[in-house]
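Atoms within each ligand, like the ligands themselves, are counted from 1 in listed order.
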Amino acid sequence: MSQFARGLEGVIANETRLGDVRGQEGQLIYCGYEINELAGKVSFEEVVYLLWNNRLPKQTELTELKQQLAEERELPAQVIEFIKSSPRTALPIDVLRTAVSMLGLHDPSLLLDDSLAANQRRAIAILAKVSVIVAYFHRARNGLDLPKIRKDLGEAAHFLYLLDGSEPSPKKIETLDVAYVLHAEHGMNASTFSARVTISTLTDIYSAITSAIATLKGPLHGGANEGVIHMLQEIGDPKNVDAYVEKNLAEKKRIMGIGHRVYKVLDPRAPHLQRMAVELSSELGEAKWIAMSERIAAIMKEKKGLYANVDFYSATVYYSLGIPTDLFTPVFAISRTAGWTAHVLEQLSDNRLYRPLSKYVGETVGRKFVPIDQR
Ligand SMILES: CC(C)(COP(=O)(O)OP(=O)(O)OC[C@H]1O[C@@H](n2cnc3c(N)ncnc32)[C@H](O)[C@@H]1OP(=O)(O)O)[C@@H](O)C(=O)NCCC(=O)NCCS
C-alpha cells in the first residue's frame with residue numbers, strides 16, 4: 001500500500017551526493033562540506049566546481065572554469081532583441097525564464113548531441129548567461145545602454161558591473177559572492193525537484209532550468225525575499241513592528257522570510273546573511289531595516305517558535321547592495337542555477353523517470369453517462 005504525504009513531505013524521492021538539508025540540526029551540506037566551512041572561504045565559482053565535480057578545484061581548474069564561464073557570457077542576438085522588446089512592466093523573473101527557454105532554440109548542438117559532456121558544456125553556458133540576462137533586462141527597461149561583456153571579472157563582480165554600468169566596490173563583490181555561495185544548492189526544494197522531474201523525461205537541460213525558474217518564482221519559494229522588503233516598507237519604522245506582526249498573526253497571514261518546511265531550528269545560512277545585512281545597513285545608514293528585522297525575528301521565535309529563513313536577511317543584503325526588489329528572485333536564480341544544473345547532470349547520469357501516484361478522492365466510480373440533451 002503506497003503512503004500518502006501531502007506536498008511530498010518526508011518522502012525521499014531520489015539519492016543525491018550534492019546537498020543535504022538537516023532540518024533538526026540546522027545543517028546545510030554541500031558535497032560533504034558544512035556550509036559554515038565554505039561561506040566566506042570559497043568563491044561562488046569554487047562552489048560551482050564542487051557541485052559539478054564533487055570536489056573543490058585546484059587553482060588551475062578554477063582558472064579554467066572561470067575562463068569557460070567568461071567565454072560563454074555573450075547572448076545570442078535574438079535573445080538580446082527579446083530582452084530589449086520585453087514590456088518594461090514584465091517581471092524580471094519571467095523574462096529570465098523565457099530567455100533561458102530561448103537559449104535552447106539557439107543551441108545548434110541540442111538535437112545532435114545529448115551526451116553528458118555536451119550537457120556539462122550547456123551547464124556552463126546557461127550559468128554564464130543567466131546573470132547577463134537579468135542585468136541586461138534591468139538596464140533595457142530603464143532605457144539604459146547594455147554594457148559590453150567583460151571577461152576579466154568573476155561572476156558576482158560581472159553581474160554588478162553590468163547592472164550598474166560601472167566597476168563595483170570590493171565590498172559589494174565580496175558580499176554578493178557570499179550570498180551566491182549560500183544560495184547555490186539546497187537539497188530537494190521545489191525548484192530543484194522541478195528541474196529533476198523535467199530532465200527525467202529526457203527532455204533537454206534548457207527545459208529543465210526553465211521549469212526550475214518558473215517554480216522558484218512563487219512567493220512560497222524564491223519570491224519570499226521580495227515579500228520581506230515589501231513587509232519592511234509597509235512597517236516603515238521599528239516602533240510599528242509589534243502591532244504589524246500581531247495583526248498579521250491574528251489574521252492568520254504569513255510573515256515573509258519566517259519559517260521553513262525542513263529547518264525546524266535556525267537556517268544555517270541566516271547568520272551569515274544577518275552579519276552582512278548588519279554591516280551593510282549600518283554602512284549605508286539604514287540601520288532601521290535591521291532593527292525592524294531583528295524585532296520581527298524575535299517575536300516570531302517567541303510567539304510561534306519559528307525562525308528566520310534565508311530570505312529574511314538576504315532581502316536586506318540585496319537591498320543594501322542597491323539591487324532592485326524585483327531582481328531579488330532572479331539573483332537567487334542566478335546562484336541556484338549552480339545547484340539546478342548539478343542536479344540535472346546527476347539525474348542524467350543515473351536516470352529514472354519520476355512518476356508518483358495520486359490518491360483519488362473524486363466521485364464514487366460507477367457514474368453512468370447521460371447524453372448532453374438529458375443532463
Ligand atoms: C516556508 C513555509 C511555506 C513552510 O511552511 P510549512 O512547513 O508548510 O509550515 P506550515 O504551513 O505547516 O505551518 C506550520 C505553522 O506555522 C505557521 N507559520 C509557518 N510559517 C509562518 C509564517 N511565515 N508566518 C506566520 N505563521 C507561519 C502556520 O500558520 C502554522 O501554524 P498553525 O499550526 O497555527 O496553523 C512557511 O513557513 C511560509 O509560508 N513562510 C513564509 C514564506 C517564506 O518565507 N518562504 C521562503 C522559504 S525559504
> Out of all atoms in ligand 1, which are within 4.0 Å of some heavy atom of D311? Include the element for each.
46 (C), 48 (S)

> Compute both the distance and the angle, then confirm whether R196 meets the cation-pi test with Y354: under 6.0 Å from the six-membered ring centre, within 45 degrees of the axis.
no

> Please check atom 12 (O) of ligand 1 for a protein heavy-atom neighbour under 4.0 Å.
no

> Within the side chain of N240, is there an N or O that forms a donor-acceptor pair under 3.5 Å with the backbone of I235?
yes

> Are K58 and E46 within salt-bridge range, i.e. N to O under 4.0 Å?
no

> Atom 28 (C) of ligand 1: which protein heavy atom is closest, and how many Å away?
R254 NH2, 3.7 Å

> Kindly confirm or rule out an N or O of P219 lying under 3.5 angstrom from an N or O of ligand 1.
no

> Side-chain donor-acceptor pair under 3.5 Å between T325 and H230, yes or no?
no

> What atoms of ligand 1 come within less than 4.0 Å of a heavy atom belonging to G259?
1 (C), 37 (O)

> Should K288 and D237 count as an ion pair when the cut-off is N to O under 4.0 Å?
no

> Under 4.0 Å from a heavy atom of L306: which atoms of ligand 1 are those, numbered in the order shown and with their elements?
16 (O), 17 (C), 18 (N), 19 (C), 20 (N), 21 (C), 26 (N), 27 (C)

> Counting each atom of ligand 1 from 1 as listed, which ones have a heavy atom of A224 under 4.0 Å away?
43 (C), 44 (O), 45 (N), 46 (C)

> Taking 4.0 angstrom as the limit and counting only heavy atoms of G257, give me the atoms of ligand 1 inside it, by number and element.
43 (C), 44 (O)

> Checking contacts now, so for atom 33 (O) of ligand 1, which I'm interested in, is there any protein heavy atom under 4.0 Å?
no

> Looking only at distances, please establish whether an N/O atom of ligand 1 is found under 3.5 Å from an N/O atom of K253.
no

> Would you say M300 touches ligand 1, if touching means a heavy atom closer than 4.0 Å?
yes

> Keeping the roles fixed (side chain from T198, backbone from A208), state whether a donor-acceptor pair exists under 3.5 Å.
no

> Pairs of nitrogen or oxygen atoms closer than 3.5 Å, one from R261 and one from ligand 1: do any exist?
yes

> Among all protein heavy atoms, pick out the one at the shortest distance from atom 47 (C) of ligand 1; state its residue, atom name and that distance to 0.1 Å.
N309 ND2, 3.6 Å

> I'd like to know if D113 and R122 make a salt bridge, using a cut-off of under 4.0 Å between side-chain N and carboxylate O.
no

> Are E279 and K171 within salt-bridge range, i.e. N to O under 4.0 Å?
yes

> Any non-hydrogen protein atom below 4.0 Å of atom 44 (O) of ligand 1?
yes

> What do the steps show when you test Y263 against H186 for ring pair (Phe, Tyr, Trp, His ring centres under 6.0 Å), and what is the final call?
CA-CA 11 Å; Y263 292 120; H186 207 238; 5.3 Å; yes

> For atom 41 (C) of ligand 1, decide whether some protein heavy-atom distance is shorter than 4.0 Å.
yes

> Would you please say whether a donor-acceptor pair under 3.5 Å links the side chains of N36 and H272?
yes

> Under 4.0 Å from atom 30 (C) of ligand 1, can you find at least one protein heavy atom?
no

> Tell me the protein heavy atom at minimum distance from atom 22 (C) of ligand 1, and give that distance in Å.
I255 N, 3.6 Å

> May I ask you to list the atoms of ligand 1 that are less than 4.0 angstrom from any heavy atom of K304?
31 (O), 34 (O)

> Decide whether S166 and D164 meet the rule of one side-chain donor and one side-chain acceptor closer than 3.5 Å.
no

> So, E61 and R55, do they make that salt bridge, N to O below 4.0 Å?
yes

> Can you sort out which atoms of ligand 1 are near H221, meaning under 4.0 Å from one of its heavy atoms?
46 (C)

